[in-house]
Number of protein chains: 2
Amino acid sequence: MKRKLQINLAAQSMFNDRGYSATSMRDLAKVVGIEPASLYNHYSSKEHILNAICFDMAEQFFEALNDLPKIESPSEELENSIRSHIDVITKNIDASRVFFLEWKHLNEPSLSEFKQMRKSYEAKFVSIIKRGIKLNEFHHIDPKVAVFTLLSSLNAIYDLYKPGRKFKTEVIADNICHILLSGISKIKNK
Amino acid sequence: MKRKLQINLAAQSMFNDRGYSATSMRDLAKVVGIEPASLYNHYSSKEHILNAICFDMAEQFFEALNDLPKIESPSEELENSIRSHIDVITKNIDASRVFFLEWKHLNEPSLSEFKQMRKSYEAKFVSIIKRGIKLNEFHHIDPKVAVFTLLSSLNAIYDLYKPGRKFKTEVIADNICHILLSGISKIKNK
DNA sequence: TTAATGCACTAACGTTCGTTAGTAAAAATA
DNA sequence: TATTTTTACTAACGAACGTTAGTGCATTAA
């Protein structure tokens, strides 16, 4: 089972660097240190590797969110959710990038299943924001726009965290939380 | 010259939908309605098409930023810059996606040149934020983290704007500006 | 009107792709 | 110890890839 993990990790890194389509099974095999045909003893196809990476990450995002304590204040609940999300990303920096960008190379029926999972994950955030607006804790923004803004901005983590690793995880998390929750400017906007 | 534009536009859409590597010259030719070999009467290679798309977009982003009036208040300058950026994206929804995601398939020396341009574009935002912090208009956030958060969140526009086209450009722009500048929460965070 | 250019075509090249078949050695199981 | 399973290998398959060569027609320039 060590080989399978090895292949998975190498694929994470390579799918992320070059993209799924630009990564060949021959390249992957070379990095792992085996012959291309040997990969098929562990995964039945290239797409199954992508499948494993994407759905593993989906599971992790969901679990992290579900493990959070129930909290009344939407503000705090949102912060917890954002931090949980950031936590999963920073602990799976390559895989989460694949999850975000390469999922479109999945085939049916996995593709539909994946889209469905993403949708319900986003829905959890949307409902927090809706509640926050109702309770007058949040500004009157469009919940969907807010969630998309929020989730995509978290992709920034990759650029900040991976290349030079100049930033500490907590610093990034604190800053992003602050920007999204309190904004950049102190001055009343609009 | 009409054919060349036609090819360029089809490539924008296809590179965006399937990714650069997963788009074949044969597929592209089929969409344009000509034979694969005929593409080479207009572009000397597949990569030259990607080149054209990426550098055209870079130019547009730069021009839009440079055309902005000089303004003292960093808050206003930042808002103008964000809106200019959003404007360029919404007017080139496919191309800007290619610009953001597929540039890594460029080869040297274009790749280095491209990275350099992105860097100096980001630097413009960083300097606005630094100035805002110095003038006490902005919170004490890390300028680089702020810029990356900001720019990546603008990718959200694609997901919101393209698929169903349910949102109006201005609504999206207003909401994103608001979130980034004033934050989501009204309650003091941290 | 003639020459030059632009743009499409057919045909094919060498390469790389994901994957399979068949085999042998090593590891796990009985 | 005997047997089954796992995992690696070599070799090769057909398909798809980016691209080139060579040709002819249509438009433009002289």
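Order of the sequence lines fixes the chain letters, A, B, ..., with proteins taken first and strands second; residue numbering starts at 1 for each chain. For clarity, every value in this text was computed on a predicted model and none was experimentally measured.
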Atom-pair distance ([atom1] on [X]; [atom2] on [N]), nearest Å:
X: A:Leu39; N: C:dG18; atom1: CG; atom2: P; result: 10 Å
X: A:Ile49; N: C:dC17; atom1: CD1; atom2: P; result: 14 Å
X: B:Asn41; N: D:dT27; atom1: CG; atom2: P; result: 16 Å
X: A:Ile7; N: D:dT6; atom1: CD1; atom2: P; result: 15 Å

With sequence neighbours left out, what residues match [X] under salt bridge (charged side-chain N to carboxylate O under 4.0 Å, His left out)?
X: A:Asp56; value: none
X: B:Asp94; value: B:Lys162
X: A:Lys115; value: none

Partner residues of A:Ser45 under the side chain to side chain donor-acceptor pair (under 3.5 Å) criterion, sequence neighbours left out
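A:Ser45 satisfies side chain to side chain donor-acceptor pair (under 3.5 Å) with A:His48 only.
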
Please list, chain by chain and in numerical order, all residues satisfying side chain to side chain donor-acceptor pair (under 3.5 Å) with B:Ser38, sequence neighbours excluded.
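Applying side chain to side chain donor-acceptor pair (under 3.5 Å) to B:Ser38 gives none.
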
Between C:dA8 and B:His42, is there an OP1 or OP2 to side-chain N/O distance shorter than 4.0 Å?
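Answer yes for this pair, as a side-chain N or O of B:His42 is under 4.0 Å from OP1 or OP2.
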
Any side-chain N or O of B:Arg3 below 4.0 angstrom from OP1/OP2 of C:dG6?
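For C:dG6, OP1/OP2 do not have a side-chain N/O of B:Arg3 under 4.0 Å.
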
Quick test of your reading: applying salt bridge (charged side-chain N to carboxylate O under 4.0 Å, His left out), list the pairs with at least one residue in residues 13-25 of chain A, sequence neighbours left out, ordered by first then second residue.
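Every pair satisfying salt bridge (charged side-chain N to carboxylate O under 4.0 Å, His left out) with a residue in residues 13-25 of chain A: A:Arg18-A:Asp27.
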
Assign a letter to each nucleotide of nucleotides 10-21 of chain D from its 5' end: B, base within under 4.0 Å of a protein heavy atom; S, sugar-phosphate only; -, no contact.
BBB----BBBBB

Centre of B:Tyr20's six-membered ring, under 6.0 Å away, within 45 degrees of the axis: is that where NZ or CZ of B:Lys46 sits?
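Judged by the rule (NZ or CZ under 6.0 Å from the ring centre, within 45° of its axis), B:Lys46 counts as positioned above B:Tyr20.
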
Contacts table for residues 126-135 of chain B: side-chain donor-acceptor under 3.5 angstrom, sequence neighbours left out:
from, atom 1, to, atom 2, distance (Å)
B:Ser127, OG, B:Lys124, O, 3.1
B:Arg131, NH1, B:Glu72, O, 2.9
B:Arg131, NH2, B:Ile71, O, 3.4
B:Arg131, NH2, B:Glu72, O, 2.9
B:Arg131, NH2, B:Glu77, OE1, 2.8

Return the polar atom pairs (N/O with N/O) between nucleotides 25-27 of chain C and the protein under 3.5 Å, or none.
none

